[in-house]
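Comments concern the structure below.
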Amino acid sequence: MSQAGKSIYLVANWKSNKTLVEMEAFLQQFRGYREEGKSVNIICPPTPYLKTARDIVNNLHLPMKVGAQDVSAYPFGAYTGAVSAGMLLGITEYCIVGHSERRRYFHESNQEIANKITQLLELKMKPILCVDTPYLESQLAALEPGQKEQLIVAYEPLEAIGSGIPATPEEVEKVAEQIQEITQANIPVLYGGSVNADNITSFLNQTQIQGALVGGESLKVEGWKAILRQAATI
Ligand code: PGA
């Protein structure tokens with residue numbers, strides 16, 4: 001079925017990869033790149049590179065947004081090492097929160113993630129909340145009233161992340177419907193887990209899937225460009 005007209009979010013989650021020089025080289029290869037289709041293309045490099053990424057995107061007039069991969073659950077203050085939402089303001093418009101790697105390696109709780117969302121929303125930044133099954137209900141329950149409507153949610157089944165074995169578009173569509181039911185809000189639901197240029201359209205062709213969160217393939221210039229190109233055919 002054609003999904004023409006729906007907004008599509010394509011989020012490049014670079015995780016803890018690339019040097020600053022490699023990031024600059026990556027973005028330089030988009031020089032002259034013009035938007036194809038209507039997707040919102042969001043690059044999320046590591047935190048120390050965000051300002052440089054933003055400057056390059058602005059200077060080259062790249063049709064890209066810059067997003068962060070995480071944010072502190074606390075505001076400005078005595079929180080050594082923390083990067084607060086206020087520090088991201090003016091640099092990023094989007095921020096991934098609750099990625100399964102943050103939950104697993106950094107032991108982030110649903111409440112801490114909800115607090116991060118509060119910090120972002122207070123400054124009118126857009127949280128991209130990652131969830132997985134079978135925990136959808138609890139992962140969404142800690143949010144305060146009025147917050148769910150303001151999210152982008154990315155469904156990322158653990159076994160699909162970095163494995164080369166994505167979920168099926170039909171499975172993801174069902175989960176996206178569940179997310180809409182639980183949130184009772186018509187919010188964008190993205191899919192993440194082994195997305196590449198060959199499979200992206202099979203997800204985007206589903207009614208409820210409005211984009212993708214891409215790890216490995218977003219690190220390669222050609223991989224990312226190919227994904228953007230395929231998404232533009234929807
Ligand atoms: P992947 O990662 O595309 O490498 O599977 C996705 C993610 O973890 O966001």
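None of the values given here were measured: they were computed from a predicted structure. Along the sequence shown, residues carry numbers from 1. As the structure lists them, so they are numbered: ligands from 1, and atoms in each ligand from 1.
- Under the 6.0 Å distance and 45° angle rule, Lys18 counts as a cation-pi partner of Trp14.
- Between Glu101 and ligand 1, no pair of N/O atoms sits closer than 3.5 Å.
- A heavy-atom distance below 4.5 Å is not found between the side chains of Asp55 and Val57.
- Side-chain contact between Leu190 and Tyr155: absent, with no pair of heavy atoms (C-beta onward) separated by less than 4.5 Å.
- Distances from ligand 1 to the non-hydrogen atoms of Gly192 include no value under 4.0 Å.
- Close approach to Gly193 involves these atoms of ligand 1, each under 4.0 Å from a residue heavy atom: 5 (O).
- Between the side chains of Thr19 and Tyr49, no donor N or O sits under 3.5 Å from an acceptor N or O.
- Neither side chain, Asn115 nor Gln119, offers a donor N or O lying under 3.5 Å from an acceptor on the other.
- Using a 4.0 Å cut-off to heavy atoms of Glu156, the atoms of ligand 1 that qualify are 6 (C), 7 (C), 8 (O), 9 (O).
- Residue Gly216 has at least one heavy-atom neighbour below 4.0 Å for each of these atoms of ligand 1: 1 (P), 3 (O), 4 (O).
- With respect to the salt-bridge test (charged N to carboxylate O, under 4.0 angstrom), the residues Glu93 and Lys124 do not qualify.
- Below 3.5 Å of separation, one finds no N or O of Ser163 facing any N or O of ligand 1.
- For the ligand labelled ligand 1, residue Lys15 lies inside the 4.0 Å heavy-atom shell.
- In terms of N/O distances under 3.5 Å, ligand 1 is approached by Gly162.
- Donor-acceptor pairing under 3.5 Å is lacking for the side chains of His99 and Gln69.
- Remark: ligand 1 and Gly215 share an N or O pair separated by less than 3.5 Å (distance only, no angle test).
- Ligand 1 places these atoms under 4.0 Å from at least one heavy atom of Asn13: 9 (O).
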